Amino acid sequence: MGTSRPLRTATSTTLAGLLLTLALAGPATASPVPDPAGATTSPSPATASPIPATAPCTTGTGPYQRELERHLRLGVDGRQSAADCEAIRAFQSRNGVRPADGYAGLATYRTMLVVEARPDPNAAGRCPVRDHRVACVDLDRQLMWVQSGRRVVFAPVPIRSGRDGYETRTGWHTVYWREIDHYSDLYDAPMPYAQFFDEGQAFHGSNGDLYSGGSHGCVNLRLDDARRLWDTLAEDDSVFVWGVKPGTERTLGRVTAPTAPSPAAHTPPPTPGAR
């Protein structure tokens, strides 16, 4: 008689197979997680890279510290603090000053003057109001705008005027010649969007730094500003210049009593381009 064996049930067979499958599969891994929109995303790793914090503002006291503190309504003590630095850096970022590092330097101060002038650039009444367009050039603040009557038709922008010995001439002038791609033979330099208003002195675009040095008498503007000014002015428009560029000693005298521009005809000089 043969030896009897226990009967295998379907349940025991299935359980054995499942255990064998798990052993061969190795450690369990996390499954992809479906998101509400239906896309499938992988689970986050255990050690995610941290989001870098904004670098601390650490620049020191700048030469225009008090002016920026006053403009930004900070405590005015002329000494840089962490709060001052952050506020100045935010101002620089809003107004396109580079680098935006919180330092109260010349470029930031000059930008501040433009921002302060925007609501009413002629609040002091230095530029005469006429019933036609007048390009107003403020050498004291190193900015210019265009007004027609009391309405500003070209908002204030920064400029760079003539340095010592080459001061931009004050008083009334007239735009008498324009050349969009002018090149100065005298100084071997381009003068894009040139609009001449007094002999070789003109408004024109510049790719250089408007906040340092000075021109040979021209009123330099950023290239985009010069392009917009070209679209604003026309020949025979009036120009009025007053004040003194900071850091220059005026040798041509101040204008005390503005008078209307002379109707005399103008012709371009042989090689225009005071640059």
Side-chain angles (χ1 to χ4, degrees), residues 95-98 105-115 117-118 121 126-127 133-147 154-235 237-252 268-269 271-275:
N95 292 283
V97 179
R98 297 291 181 268
L106 179 59
T108 304
Y109 170 68
R110 291 278 310 281
T111 301
M112 183 204 79
L113 293 180
V114 172
V115 171
R118 283 174 187 161
R126 298 294 302 276
C127 191
R133 278 194 303 263
V134 178
C136 305
V137 182
D138 184 342
L139 300 182
D140 294 326
R141 292 184 291 175
Q142 287 292 285
L143 54 86
M144 67 85 58
W145 68 92
V146 180
Q147 60 190 34
F154 182 89
V157 295
I159 63 167
R160 182 178 63 177
S161 63
R163 60 180 181 262
D164 270 332
Y166 297 91
E167 293 91 345
T168 305
R169 290 181 282 274
T170 55
W172 280 107
H173 311 288
T174 302
V175 176
Y176 66 91
W177 188 49
R178 300 179 354 130
E179 187 172 40
I180 198 167
D181 292 318
H182 183 72
Y183 194 90
S184 171
D185 296 329
L186 183 60
Y187 294 104
D188 191 26
M191 296 172 57
Y193 303 100
Q195 303 190 73
F196 292 88
F197 57 82
D198 185 37
E199 299 301 329
Q201 297 189 349
F203 298 112
H204 70 81
S206 172
N207 288 317
D209 180 7
L210 296 186
Y211 306 122
S212 64
S215 72
H216 286 92
C218 282
V219 176
N220 298 161
L221 300 96
R222 294 175 300 204
L223 194 58
D224 285 345
D225 293 338
R227 183 183 299 115
R228 292 190 303 109
L229 186 64
W230 175 273
D231 293 335
T232 302
L233 296 179
E235 286 191 16
D237 277 347
S238 298
V239 179
F240 186 73
V241 183
W242 73 94
V244 179
K245 183 184 188 300
T248 62
E249 181 181 353
R250 176 153 298 283
T251 58
L252 303 178
T271 54
R275 191 167 170 265

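Just so we're clear, the structure is a prediction, and the values are computed from it rather than from any experiment.
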*asked:* I'd like to check His182 versus His204 (side-chain heavy atoms, cut-off strictly below 4.5 Å). Are they in contact?
replied: no
*Is there side-chain contact between Val239 and Val134, with at least one heavy-atom pair below 4.5 Å?*
no
*Return the minimal non-hydrogen interatomic distance between Ala234 and Arg133, and the atom names on each side.*
CB-NH2, 3.8 Å
*So do the side chains of Trp242 and Arg126 get within less than 4.5 Å of each other, counting heavy atoms only?*
yes
_Any heavy-atom pair between the side chains of Tyr183 and Met191 that's under 4.5 Å?_
no
*asked:* Are more than 12 heavy atoms, taken from residues, nucleotides or ligands other than Tyr166, located less than 6.0 Å from that residue's OH atom?
replied: no
*With ring pair (Phe, Tyr, Trp, His ring centres under 6.0 Å) as the test, would you mind laying out the steps for Trp145 and Phe154 before giving the verdict?*
CA-CA 5 Å; Trp145 68 92; Phe154 182 89; over 10 Å; no
*Answer yes or no: is there a side-chain heavy-atom contact under 4.5 Å between Arg222 and Ser206?*
no
*Identify the heavy atoms of Ala117 and Leu143 that sit nearest to each other, and give their distance.*
CB-CD2, 4.2 Å
_Check: Phe203 ring centre within less than 6.0 Å of Phe197 ring centre_ = yes
*For residues Arg110 and Val114, determine if any side-chain heavy atom of one lies less than 4.5 Å from a side-chain heavy atom of the other.*
no
*Check whether any side-chain N or O of Asp138 sits under 3.5 Å from a backbone N or O of Arg141 as a donor-acceptor pair, and report yes or no.*
yes
_Nearest heavy atoms of Thr168 and Ser161, plus distance in Å_ = OG1-CB, 3.4 Å
*Is any side-chain heavy atom of Tyr211 closer than 4.5 Å to a side-chain heavy atom of Gln142?*
no
*Could you pull out all residues at least two apart from Arg228 that satisfy salt bridge (charged side-chain N to carboxylate O under 4.0 Å, His left out)?*
Asp225
_Tell me whether the rings of Trp230 and Tyr193 are parallel (<30°), tilted (30 to 60°) or perpendicular (>60°)._
perpendicular
*Determine, step by step, whether Met144 and Leu221 satisfy the side-chain contact (heavy atoms from CB on, under 4.5 Å) criterion, reporting the C-alpha distance in whole Å, the side-chain angles of both residues, the deciding distance to 0.1 Å, and the verdict.*
CA-CA 9 Å; Met144 67 85 58; Leu221 300 96; 4.1 Å; yes
*Measure the shortest side-chain to side-chain distance between Ile159 and Leu210 over non-hydrogen atoms and say whether it is less than 4.5 angstrom.*
no
